[in-house]
Structure formats: structure tokens, C-alpha cells
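Chain identifiers are assigned alphabetically (A, B, ...) following the order of the sequence lines, protein sequences preceding nucleic acid strands; residue numbering begins at 1 within each chain.
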There are 2 protein chains.
Amino acid sequence: MLIGIDLGGTNVRAAVVTRKGEVVEKAQRPTDAEGGPTKVVDNIVAVVKEAMERAGVGNGAIIAGAVGAPGPMNWQTGVVYSPPNLPGWKDVPLAEMVTSRLGFTVYVDNDANAACYGEFWSGAARDVDSCVMLTLGTGVGGGIVVEGRLLRGIDGTAAEIGHMCVARGGRLCNCGAHGCLEQYASVSGLVRTAADGIKDGRQTVLTERAGGDLENLTGKMISDAAQEGDAFAQWVIEETGRWLGVGIGSLINLLNPEMVILYGGMTAAGDMLFTPVRDMALAQAFEVPGKRAQIVTASLGDDAGVIGAAGCALQRAER
Amino acid sequence: MLIGIDLGGTNVRAAVVTRKGEVVEKAQRPTDAEGGPTKVVDNIVAVVKEAMERAGVGNGAIIAGAVGAPGPMNWQTGVVYSPPNLPGWKDVPLAEMVTSRLGFTVYVDNDANAACYGEFWSGAARDVDSCVMLTLGTGVGGGIVVEGRLLRGIDGTAAEIGHMCVARGGRLCNCGAHGCLEQYASVSGLVRTAADGIKDGRQTVLTERAGGDLENLTGKMISDAAQEGDAFAQWVIEETGRWLGVGIGSLINLLNPEMVILYGGMTAAGDMLFTPVRDMALAQAFEVPGKRAQIVTASLGDDAGVIGAAGCALQRAER
């Protein structure tokens with residue numbers, strides 16, 4: 001058995017997972033991020049023990065575990081530097097702390113990489129050998145699997161798909177660069193595209209719903225308006241899809257993957273998002289790799305993180 | 001011993017290479033591309049035999065060979081489809097033809113991938129484990145090495161670095177897409193940036209040198225004018241460097257490589273090109289991977305192709 005842990009800013013989840021990537025039991029509790037590293041480690045330990053009790057397994061049955069944690073980090077030493085959504089963390093030796101408390105080896109990996117590996121191991125990409133995953137949230141995260149292995153890079157910072165430049169000199173990104181994919185294809189990018197259009201005088205129900213302050217606009221407002229038939233809101237979602245397609249076209253030309261997986265609430269928009277994504281990706285990519293790459297929705301939902309962390313643990317324990 | 005073959009549209013080169021990536025002897029002759037596949041294979045066989053005679057080695061000493069050939073191709077079957085600069089070629093079983101004529105196994109690999117592998121194996125990147133190479137010519141080609149292995153992709157079409165989109169809706173590329181890096185960072189892109197500036201009324205000696213027809217502009221004219229102190233020509237080279245830096249910044253965020261290698265006549269511009277390349281790459285990339293990636297000139301010159309092909313042959317024979 002393996003232990004997969006998904007450490008988010010709000011909740012921490014743990015699961016007991018088989019060597020084949022099936023979840024036996026799982027548990028969840030609040031992260032209590034404001035309690036600092038010691039409190040968070042307490043919660044990690046508690047949630048793992050809870051999942052293990054439910055599954056009826058003791059330490060003897062565990063090969064290893066891994067935490068998918070927000071970066072930046074050193075995945076080899078298991079030290080987490082200072083993630084924006086874990087306040088007060090500074091160079092925390094997370095792998096060491098959790099390992100000594102649990103009594104079996106626990107590795108640390110980047111959360112987006114772990115989720116990608118989960119989809120690769122037992123989700124949407126389980127029948128292929130290479131894939132790219134884009135997680136569409138406040139930002140755009142990602143993971144890359146090549147020939148069955150996570151592409152982590154020499155410092156473990158690879159697969160920052162949200163920070164490919166798709167428009168030189170374009171929108172300023174939180175990272176300090178300009179024109180990053182994240183500024184167009186994340187939920188924040190979606191909202192910004194809507195706000196820009198409204199400022200330019202486009203007619204939409206969103207103007208009223210924002211109550212005179214475009215700061216109030218949310219992704220949910222836009223998707224609701226689009227579902228109700230608001231033409232501008234639909235255009236915003238399609239335009240976001242075209243930006244995503246531009247980035248995906250580049251990824252296809254660079255990596256020639258078998259599959260591109262999209263994850264996040266935004267994918268609920270369905271064809272309204274996926275049709276422009278696929279059209280633009282095909283227009284930007286070469287024909288052979290463009291036709292090869294299936295562009296699909298993630299299939300594991302919130303379990304991708306725990307399953308993927310367990311898969312990373314297995315791969316690292318076996319190496 | 002290994003045999004490395006570099007099949008270009010103009011010349012075909014062959015070398016006898018040691019298992020450590022050192023060239024023992026080499027030979028070169030015209031490709032005679034217009035003679036069609038049979039004539040080209042005759043020339044490949046002749047040039048290999050010439051190199052082997054010079055080195056004083058017979059077939060018994062050869063582990064394997066490989067041809068670095070222009071794509072598109074299937075590197076696994078060794079069939080070359082229809083490369084733009086090998087007229088009359090259509091689904092040519094190159095590996096099979098050369099193998100049967102030479103009497104030892106000869107593989108086929110993409111030429112840009114082979115050159116990248118050459119620099120990785122025994123050139124600029126010989127002391128690192130991962131690198132990205134950009135070949136700056138009429139287009140922008142490339143190769144990617146991750147954890148010591150070429151990243152070829154499922155169809156062998158990966159590493160088309162020239163066809164990352166750096167400007168959505170930008171210049172139309174020969175591939176049919178818009179805003180490809182190649183349209184800004186190749187020699188053709190350099191010339192186009194100069195022509196656009198001249199049309200916009202920028203003052204430069206290039207206007208006169210083109211003799212009233214901007215179609216006459218060449219990369220050499222621009223670099224000569226820049227060396228002579230023409231401010232506009234210098235700006236054109238710097239601007240080309242900034243475009244390159246945008247693409248390299250994205251590659252660094254995606255792949256977190258130890259080294260980025262630039263190859264091609266354009267690199268003779270030295271700091272005039274490299275300073276804006278490095279400045280822009282650092283501005284676009286995250287700090288840790290940005291500082292990590294050394295951006296350097298290729299070190300093997302024209303030998304990268306034959307050495308890299310030999311290295312690919314060794315790796316494939318040993319697998």
C-alpha cells in the first residue's frame with residue numbers, strides 16, 4: 001500500500017492507495033495553514049492515520065508515502081521554501097518532519113506535478129505513455145509526463161505551463177513577466193478579458209451583475225451568463241479557449257504528447273471552451289502531432305492529487 | 001567505433017567516431033539531392049566508406065551508424081517522408097537502404113535532434129544532464145535533452161522550438177500558424193524585422209545597400225551594417241535577441257534545463273545578440289531556473305551533426 005497526501009491551502013487530504021493506483025480509503029481535514037508548519041504537520045499526520053485506520057492497515061503494509069505540496073520546493077530534499085498560500089513557511093523540511101512522525105518514508109513533490117502523475121497513472125492518461133496537464137484555477141499550473149516519467153527539471157521547477165509567453169509585451173503577470181498564458185487562460189484571465197471588454201463598451205448582463213464595480217466580476221458570473229445565452233459572456237469563454245489553444249499548440253509542437261488534460265472548474269463549460277481550444281491548437285500545431293494529441297478533461301477530480309502523490313511515492317521508492 | 005552521417009540538402013558528411021564522442025576521421029561530398037534518393041544513398045555510402053578507409057577501420061569494428069536527416073520522418077522505422085530540401089523524396093526507407101548497402105545497422109534520426117545530442121554528448125553541454133538547443137538559420141530548429149535522453153515525442157516530432165507561439169495573431173509562418181518564434185528569431189525573422197523598420201521610415205545604410213528593393217536584404221548585410229555602427233542595424237539584432245529571449249524564457253519555465261545552446265551564423269554577433277537574449281530570458285523566466293540555465297554558443301560547429309548521429313546510434317544500439 002501507498003500513502004498519498006494532498007496539501008492545499010484550505011484542506012489536507014490523504015488516501016491509502018494500492019500499487020495499481022486504486023484508492024482504498026481516504027480522509028480530509030482543514031489545513032489550518034495559519035497555525036504554521038507544526039500545526040500543519042499535526043494535521044497531515046492525523047489525516048493519514050485516519051485514512052489508515054479506515055483502511056485497516058498498519059505501518060508494516062506501507063511501502064512509502066508522498067505529499068503533493070505547493071511550491072517552490074526542493075523535491076529531492078523535501079524542503080518546502082515559502083509557498084504563497086502557506087503563510088509563515090520558510091525552508092520547512094517537510095519530508096523529514098512527516099517521515100519521523102509517521103515512521104515510514106514520506107517524499108515531497110510539487111502538487112501540480114503530483115496531480116498530473118495521478119491522471120497519468122490511473123486517470124485520463126492511464127493508457128498512454130506521455131501527457132501534459134494544465135490546471136486552470138486562479139493561475140495555470142501544470143505537469144508533464146514524458147516516456148512514463150515526470151519531467152521535473154534540474155531544480156524541480158519544470159512544467160510551469162502558465163508561464164509560457166503567448167504574447168510578448170502582453171498583460172503583466174504576478175511573476176513579473178509579460179504575456180504569460182496564465183494571464184489569459186486562468187479564471188483570473190477569464191475575468192480580466194471580460195472586464196477589458198466591458199470597459200470597451202461591450203453590451204452584457206455582466207455590467208449590471210458586477211454592480212458598477214468590475215472588481216466584483218467572478219468566473220461563476222461569467223459562466224452563468226454564458227449558460228443563460230449572454231453573447232458577450234460566451235465570447236469571453238471562447239476567447240479564453242483560444243488563448244488556451246495557443247499555449248497548447250506550442251506544447252504539442254515542443255513535446256509531441258499523446259494527450260493534453262485540462263483540469264479545473266472552468267472545464268465545466270464543455271464544448272463552449274473545448275471547441276475553440278481544439279480548433280486553435282490544431283491551427284497552431286503541426287499536423288501529425290496536432291492530430292495525435294487528444295485534448296480531454298481530467299477524470300479523477302479531487303482525487304488526482306492523492307493518487308498522484310501515491311504514484312510518485314511508488315516510483316521514487318522503487319528507484 | 002560508430003558512424004555518424006549528416007545528410008544536408010547541399011552536402012553529406014560522415015565521420016568515424018569513438019564511443020567517447022571523438023571524431024577519428026571524416027569525409028564530405030555533395031548530396032546531389034536532385035539525383036533523387038538512389039543517388040543520395042550512393043553518396044552516403046561513398047562518403048562513409050571514405051571516412052572508414054581514412055580511419056583504417058573495417059565493418060568488424062563498427063557498432064552501428066545513424067543518419068541525421070531532415071524531417072518529417074519516422075525515426076523508429078527509418079522512413080523519411082518528404083523533406084522540403086530533398087526534392088523527389090516520398091516515404092524513402094532510408095535506414096533500410098543504407099543498412100543493406102553498408103552491412104551494419106544504420107538508424108535514422110532528425111538532424112536537429114542529432115546536432116543537439118552531439119553538443120550534449122561531447123560539446124558545450126557535455127558536463128550537464130539536460131539541455132535545449134536552438135539552431136538559428138532560415139528557420140529555427142531545435143533539440144531537447146532531458147535526463148540524458150533526447151525528447152523525441154510519440155511521433156518523433158517534438159522539439160519544434162521554432163514553432164512555439166510568442167505572439168498570438170503575429171506574423172504568419174510558413175507552417176500556417178501565426179506568431180511562431182521562427183518568424184522573429186531566425187535569419188529570415190531578422191531580415192523581416194529590418195524590412196519592417198525600413199518601411200516605417202527608420203534611417204539606416206541598409207536602405208541604400210538593398211538598392212531600393214527590400215527583397216535584396218540579407219542577414220549578412222544587417223550584421224555588416226551593425227558592425228560598422230549603424231544604429232538601426234544594431235537595434236534589429238538586439239530586437240531579434242529579445243524575441244529569442246522570450247522564447248528561451250518560456251523553455252526555461254517549461255523544462256528547467258541546465259543549459260540553452262544557440263547554434264548558427266547569427267551567434268557570431270556575440271554580445272550584441274547574447275546580452276538582450278539573456279536579459280529577456282531572465283525577465284521572462286522564474287528566478288531559480290532562470291539563473292540556473294546557462295545560455296551559450298554551440299562548441300562543435302559543423303561536426304555537431306555527425307558526432308550527434310554517432311551518439312544516437314550508440315544509444316539506440318545499446319538499448
Side-chain angles (χ1 to χ4, degrees), chain A residues 71-72 74 81 128-130 132 142 144 146-147 149 151-170 173 175-181 184 242-243 245-247 249-259 280 283-293, chain B residues 72 74 81 128-130 132 142 144 146-147 149 151-170 173 175-181 184 242-243 245-247 249-259 280 282-293:
Chain A
N74 181 325
Y81 301 137
V128 301
D129 203 35
S130 57
V132 177
I144 299 171
V146 173
E147 295 183 12
R149 289 162 62 97
L151 195 166
R152 291 186 174 96
I154 179 73
D155 301 293
T157 70
E160 284 290 357
I161 293 172
H163 301 276
M164 301 172 65
C165 177
V166 289
R168 180 181 165 199
C173 187
C175 75
H178 284 268
C180 292
L181 179 61
Y184 301 90
R242 284 186 285 269
W243 280 111
V246 167
S250 294
L251 290 166
I252 290 172
N253 280 343
L254 281 176
L255 304 171
N256 182 203
E258 289 165 86
M259 191 174 277
M280 186 60 95
Q284 288 292 130
F286 280 109
E287 191 177 351
V288 170
K291 286 189 175 159
R292 166 73 69 170
Chain B
N74 181 324
Y81 301 138
V128 300
D129 204 35
S130 56
V132 177
I144 299 171
V146 173
E147 294 183 13
R149 289 163 62 98
L151 194 166
R152 291 186 175 96
I154 180 73
D155 302 292
T157 70
E160 284 289 358
I161 293 173
H163 301 277
M164 300 172 66
C165 178
V166 289
R168 180 182 167 199
C173 187
C175 76
H178 283 268
C180 291
L181 179 62
Y184 301 90
R242 284 186 285 269
W243 280 111
V246 167
S250 294
L251 290 166
I252 290 172
N253 281 343
L254 282 176
L255 305 170
N256 181 205
E258 289 165 88
M259 190 174 279
M280 186 59 95
L282 282 172
Q284 288 292 131
F286 279 110
E287 191 177 350
V288 169
K291 286 188 175 158
R292 166 73 70 169

Which atoms of A:Leu151 come close to chain B, meaning under 4.5 Å heavy atom to heavy atom: side chain ones, backbone ones, both, or neither?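 Interface part for A:Leu151: side chain.
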Where does [X] contact chain A at under 4.5 Å (heavy atoms): side chain, backbone, both or neither?
| X | answer |
| --- | --- |
| B:Leu254 | both |
| B:Arg149 | side chain |
| B:Leu251 | side chain |
| B:Val146 | side chain |

Between A:Ala167, A:Cys165, A:Gly162, A:Gly142, the one whose heavy-atom pairs under 4.5 Å with chain B are most numerous: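 That would be A:Cys165.
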Give the member of A:Leu181, A:Val166, A:Asp155 that has the highest number of heavy-atom pairs under 4.5 Å with chain B.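 Of the candidates given, the most pairs with chain B belong to A:Asp155.
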Could you tell me which of B:Asn253, B:Val288, B:Val246 has the largest number of non-hydrogen atom pairs under 4.5 Å with chain A? B:Asn253
Derivation and outcome, side chain to side chain contact (heavy atoms under 4.5 Å, CB included), residues B:His163 and A:Gln284: CA-CA 8 Å; B:His163 301 277; A:Gln284 288 292 130; over 6 Å; no
Just to verify, what does A:Glu287 make a side chain to side chain contact (heavy atoms under 4.5 Å, CB included) with, not counting sequence neighbours? A:Lys291
Rounded to the nearest 0.5 Å, what separates atom CZ in A:Arg168 from atom CZ in B:Arg242? 6.0 Å
Taking all atoms of both residues into account, what is the closest heavy-atom pair of A:Ala283 and B:Ala177, and its distance?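 Distance-wise, the nearest heavy atoms are O-CB, 3.7 Å.
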If we check side-chain contact (heavy atoms from CB on, under 4.5 Å) with B:Ile154, which of these qualifies: A:Leu255, A:Val128, A:Asp129, A:Asn256? A:Asn256
